[in-house]
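One structure is given here, and the rest of the page talks about it.
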Protein chains: 2
Amino acid sequence: MPQETNAENATVQMRKGVLEFCVLLIISKGEIYPSDIIKELKENNLIIVEGTLYPLLSRLKSLQVLEYTWIESKSGPPRKYYRLTSKGKESLKSHEKSWSNLSNSINSLIKKHE
Amino acid sequence: MPQETNAENATVQMRKGVLEFCVLLIISKGEIYPSDIIKELKENNLIIVEGTLYPLLSRLKSLQVLEYTWIESKSGPPRKYYRLTSKGKESLKSHEKSWSNLSNSINSLIKKHE
DNA sequence: TATACTACCTTGTATAGCAAGGTATTAGGC
DNA sequence: GCCTAATACCTTGCTATACAAGGTAGTATA
């Protein structure tokens, strides 16, 4: 149902803009497969679901920001282990700048208006 | 055209999730009309255009987060001066919490992965 | 061999930002 | 008085993307 009025909506909206950044951050640590990316995001209070992550990973793959290798699992079907390409490392850097600019802007707005 | 690959896209995406918060912050300082809201956002490096702001203000009005008064201008057509309702003040508080949670989550992700 | 679990992926819907274009009021030059 | 510019409000159509829900397939285990 549309037109949420409750408080949770604020959180949801804010998280949207930074998901790609968070995913790049996590992948930058080392090769990882989607289900574990979701787990790690949740541990950091950043909720995400499969229907969001898979299209995001595909998009980043087709933009040559990410690449992956199939690796067999000992406890189930094979997994796609993702890593950053060199383009991905550049992209992460620019996300980091964006984040730092954005949080500076907002923190200064907060200071001005309290 | 879709599928931006350049660095600016990161900034654009991130700003999206926090626009409502920024607008509430600015209005919380005192009555203000749309064109001046845009000016103030720009001064804080948060680009926004009319086609984004007017629908946002209407939405917040219909959710009873904002209210406005028409005030005559000495240099042009009359202006809608917006202010927060009591519901709006609550909403601002929850946005502030969301912002603080989100930036904590992300900053801890950054620390972990550097 | 059937069920549970893990892992991958797709489809349809709603939201929201933006580009572009439109209407109306006032001021100022002539 | 009349035309142009400036200011201010608003709408339409498009696109991107997050999510809910549901689907496919490989592996383990009872």
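Residue numbers start from 1 in every chain, and the chains themselves are labelled A, B, ... in the order their sequence lines are given, proteins ahead of strands. Predicted model, so just to flag it, every value in this text is computed and none were measured.
- In the set dG17(C), dC19(D), dC9(D), the nucleotide with an atom closest to the side chain of Val49(A) is dC19(D).
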Heavy-atom protein contacts under 4.0 Å, nucleotides 21-30 of chain D, coded B base, S sugar-phosphate only, - none: -----BSS--
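- Considering only heavy atoms from C-beta on, Asn45(B) stays 4.5 Å or farther from Asn101(A) through its side chain.
- In this structure, the side chain of Ser58(B) engages the main chain of Tyr54(B) through a donor-acceptor pair within 3.5 Å.
- As a whole-Å value, the separation of Leu56(B) CG from dC18(C) P is 11 Å.
- Atom CG in Leu57(A) sits roughly 13 Å away from atom P in dT17(D) (whole-Å rounding).
- The backbone N or O of Ser103(B) sits less than 3.5 Å from a side-chain atom of Asn107(B), completing a donor-acceptor pair.
- Computed from coordinates, the Leu53(B) CG to dC10(D) C1' distance equals 11 Å when rounded to whole Å.
- Relative to the six-membered ring of Tyr68(B), Lys80(B) meets both conditions, a distance below 6.0 Å and an angle of at most 45° to the axis.
- The stretch residues 14-39 of chain A comes close to DNA chain D through Lys16(A), Leu19(A), each having a heavy atom under 4.0 Å from the strand.
- Remark: P of dA20(D) and OH of Tyr54(A) are 16 Å apart, rounded to the nearest angstrom.
- Side-chain contact between Ile27(B) and Leu24(B) is absent, with no heavy atoms from C-beta onward closer than 4.5 Å.
- Ring orientation note: the planes of Trp99(B) and Trp99(A) are tilted relative to one another, at an angle of 30° to 60°.
- Within the structure, every side-chain polar atom (N or O) of Arg79(A) is placed at least 4.0 Å from both OP1 and OP2 of dC8(C).
- Toward the 5′ end of DNA chain D lies the nearest nucleotide of Pro55(B), the other residue of the pair Thr52(A) and Pro55(B) mapping further downstream.
- In summary, Glu67(B) and Lys61(B) do not engage in a salt bridge, as defined by a charged side-chain N under 4.0 Å from a carboxylate O.
- Ion pair Glu90(A)/Lys93(A) flagged as a salt bridge, since at least one NZ, NE, NH1 or NH2 atom sits closer than 4.0 Å to an Asp/Glu carboxylate oxygen.
- Here the nucleotide nearest the side chain of Lys80(B), chosen from dG17(C), dC10(D), dT10(C), is dC10(D).
- Salt bridge Glu72(B)/Arg79(B): absent, no basic N to carboxylate O contact under 4.0 Å.
- For Gln13(B), counting side-chain heavy atoms from C-beta on, the closest listed nucleotide (dG17(C), dC9(D), dT17(D)) is dT17(D).
- The distance from atom CD1 of Ile48(B) to atom P of dC18(C) is 7 Å, rounded to the nearest whole Å.
- Atoms CG (Leu46(B)) and P (dC18(C)) sit 11 Å apart, rounded to a whole Å.
- Lys61(A) places its NZ atom 15 Å from the P atom of dC8(C), with the value rounded to the nearest Å.
- A straight line from OH of Tyr81(A) to C1' of dA7(C) spans 11 Å, rounded to a whole angstrom.
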